[in-house]
Amino acid sequence: MAKQIIPLMTRYQMGPFTLSHRVVLAPLGRQRSYDYMPQPHAILYYSQITSPGGLLISEATAISENGKAYTRASGIWTKEHVEAWKPVVSAVHDKGGIFFCQLWHPGRFSHFGVPVPSAIKTEEIPHLIADYRNAARNAIDAGFDGVEIHGAHGFLVDQFMKDSVNHRTDRYGGNLENRCRFALEVMEAVVDEIGAERVGMRLSPFSNFLDAYDSNPEALGVYMAEALNKFNIVYAHFVEARHEKGVAMDRSLLPMRKAFKNTFMVAGGYDRDEGNKAISSGKADLVAYGRFFISNPDLPKRFQLNAPLNAYDRSTFYTPDPVVGYTDYPFLEL
Ligand code: FNR
């Protein structure tokens, strides 16, 4: 009998990258780095998750010294970080994976007192943008295939966009165009540095993490999708509303899907059936999975075979152990 191909397991051409399926690793900070350096155990972790032609997005990776937030996160602002990432990226490439680095600045969430966007001085903004540019160059030097700008979940870029936390009165605050200016200036610099075909962006217009929410998230999402078209970046990655606390369940990413012309990725609460539906209905081109990948490094294979999934253990999501809850979930035995 011919093998039945499910929508999630169909090939997809994402700009220059040929993906053999649509099951993407969502960015997941696992807090197992030391001194902002990825450790050797990250090599095994990412390699376990890699499937030939599969797309992986790295954990949120800090772009600068003053962008430190969690003590066991990773960074990519120095040549030492580049060297530390190289074997991790190589391991993914050795197994045929495509690897994007998520570039992250926590903004007001940082331990180091970087203040809310309202308090960032206008003259500091070019330095922040230069930090993104430098981090993007470093990611490419480390061998990553591209970068994803973390514009979601209440961190720096999102703090500029959301009107609950951006109280600025200069050209980076006030109306939608002004609030999105920082995100788009970051994008302009990163695209200029490494090329649009290597750049994606993650956005969560509906989220209210870290108290960053917007009075008109649909307008924000569509504005960004249209603005990103002008850069011709390779993908837009939108987080669903339905799993954010206190936000209505019926909020849809469809207007953003319609507005964005290149690859559209969704994430948040997907299982096998919902992922297949999203692909077959045209709602998305790619589906990113977070928690299921944590407990099922061979997730695409399990989806293809409709095999049972290992349950994930939340208590080890962020613990420092280099093995337990990190690389010890069982693979399918066939
Ligand atoms: C996350 N998430 C996340 N998002 C992001 O943009 N950067 C990150 O570094 C992280 N880190 C992270 C760690 C852990 C342990 C979890 C569980 C989640 C959010 C993640 O990418 C994804 O959007 C959510 O997990 C929802 O997708 P699932 O898990 O329902 O497939």
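Order of appearance sets the numbers: ligands from 1, and atoms from 1 within every ligand.
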Hey, what else clusters with Ile98 if you join Ile, Leu, Val, Met, Phe, Trp, Tyr whenever side-chain heavy atoms sit under 4.5 Å? Tyr12, Met14, Phe17, Leu19, Val24, Leu55, Ile57, Phe100, Val234, Tyr235, Met265, Leu286

Check contact between Ala152 and ligand 1, using heavy atoms of the residue and a distance below 4.0 angstrom. no

Can you sort out which atoms of ligand 1 are near Arg291, meaning under 4.0 Å from one of its heavy atoms? 17 (C), 28 (P), 29 (O), 30 (O), 31 (O)

Tell me whether ligand 1 is touched by Tyr289 - counting only heavy atoms on the residue side and a distance under 4.0 Å. yes

Phe238 ring center near Phe206 ring center (under 6.0 Å): no

Going by the side-chain hydrogen bond (donor to acceptor under 3.5 Å, both in side chains) test, which pairs reach into residues 324-334, not counting sequence neighbours? none

Please report the closest heavy-atom contact between His237 and Pro27, naming both atoms and the distance. CE1-CD, 3.9 Å

Can you give me the closest heavy-atom contact between Ala60 and His150, atom names plus distance? CB-CD2, 4.1 Å

Looking at Pro27, which atoms of ligand 1 are within less than 4.0 Å of one of its heavy atoms? 1 (C), 2 (N), 3 (C), 4 (N), 5 (C), 6 (O), 7 (N), 8 (C), 10 (C), 11 (N), 12 (C), 20 (C), 21 (O)

With heavy-atom distances below 4.0 Å as the criterion, list the atoms of ligand 1 near Tyr318. 13 (C), 14 (C), 15 (C), 16 (C)

Could you list the atoms of ligand 1 found under 4.0 angstrom from a heavy atom of Gln102? 5 (C), 6 (O), 7 (N), 8 (C), 9 (O)

Using a 4.0 Å cutoff against the non-hydrogen atoms of Ala26, which atoms of ligand 1 qualify? 21 (O)

